[in-house]
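What you see is a predicted model; the values in this text were computed from it and never measured. Side chains included, hydrogens not; waters and symmetry mates left out as well; all remaining heavy atoms used. Along the sequence shown, residues are numbered consecutively beginning with 1.
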Amino acid sequence: MDYLEHPPPDDLHRHVQCLWWLRDDAPGSGIQVIYPDGRCELLAELGVPMQLHGADGQIRSDLPFCFAAQQRGPIRLQAVGPVLCIGIRLQPAASALVAGIRLPGLRDQAPDLHALDAAFAGTFSAAARASAANGTAEPLWQALRERCAGFALDERMEQAVAQLDALEGDLRIAELARRLGMSLRALQSRFLAAVGMTPKEYARVCRLQAMLRTLDAEATRIATAAARHGYTDQAHATHDLVRWTGMTPGRLVHALRGDRGSEAALQLATAFVRGSSAGRLR
């Protein structure tokens, strides 16, 4: 498996966090997991679409071109052939770039991009194929420049996201509203419209991602990592880990630190936490 993230050009950094490539010409049959990170994504599956194992027990094929809205639980994917996937990870406050006012109602979904905006879906799919054929991200960057030119960011929600990111989610939402000079109701409404999840949900995702990075990088006990990232005790941290990753803390730590070439290793989850699989995963 080869996974790598690329930063956007300077003129797109307010809208796009990164572009990523995932390639695996001979994938195993194991189910791989992606954890929520508070970012929506545009996805182009140019290889054999992976199978999505839904929380409802249903198994369905991923759509070739889709919009992955905010997720509040783990995404379980299984390869059934060679994988070539390109993703555009949006900045949180630019989450409505494609979905617009429909964004809040798309939580935990990944609808067909053509159903959201047929014209842009055609532009995006052509750009993704051109990028894959030429080995350059420029066709996708250009498609996004055209889209972003007509999209107005909510600057106050950019500030809200920046503060939650800086404090790794360890900030009460009422205090965030006070810092921004807004009512709590206005913050909640505008944040949901811009980001696609509530500020409280986003804060919890920030804490989750921070704890995942700590558990991956350090030989730290779960209780110690939980205390560092604002959890009142290990029980609360365990509850969040199970809810957001679908795994017990013990298995999660093993997947991040253990034998990453084994069947128990969740390579895709680990790669997404690190931003790369190059030189890290077998």
Can you tell me if [X] uses its side chain to pair, donor with acceptor, with the backbone of [Y] under 3.5 Å?
| X | Y | answer |
| --- | --- | --- |
| T123 | A143 | no |
| Q71 | A69 | yes |
| S189 | R185 | no |
| Q70 | V195 | yes |
| Q78 | Q51 | no |
| S95 | P92 | yes |
| R102 | L116 | yes |

Single-linkage hydrophobic cluster L22~F124, side-chain heavy atoms < 4.5 angstrom: no
Apply side chain to side chain donor-acceptor pair (under 3.5 Å) to residues R179 and Q163 and explain how you reach the verdict. CA-CA 9 Å; R179 293 184 181 191; Q163 294 206 32; 3.2 Å; yes
Please walk me through it: do R107 and T198 pass side-chain contact (heavy atoms from CB on, under 4.5 Å)? CA-CA 11 Å; R107 284 187 291 185; T198 68; 4.1 Å; yes
Test: R147 cationic atom under 6.0 Å from F120 six-membered ring centre, within 45° of axis: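 Verdict for F120: a cation-pi partner in R147.
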Quick test of your reading of the model: are [X] and [Y] salt-bridged, counting only N-O distances below 4.0 Å?
| X | Y | answer |
| --- | --- | --- |
| D108 | R72 | yes |
| R145 | E138 | yes |
| R190 | D154 | yes |
| R178 | E175 | yes |
| D165 | R39 | yes |

Would you say that [X] contacts [Y] through its side chain, given a criterion of any heavy-atom pair below 4.5 Å between the two side chains?
| X | Y | value |
| --- | --- | --- |
| L12 | C148 | yes |
| L43 | F65 | no |
| L90 | H15 | no |
| V98 | L42 | yes |
| E5 | L19 | no |

Could you walk me through whether R14 and E158 pass the salt bridge (charged side-chain N to carboxylate O under 4.0 Å, His left out) test, one step at a time? CA-CA 9 Å; R14 290 181 65 193; E158 284 187 281; 2.4 Å; yes
Please walk me through it: do W20 and E41 pass side chain to side chain donor-acceptor pair (under 3.5 Å)? CA-CA 10 Å; W20 55 262; E41 295 187 332; 3.0 Å; yes
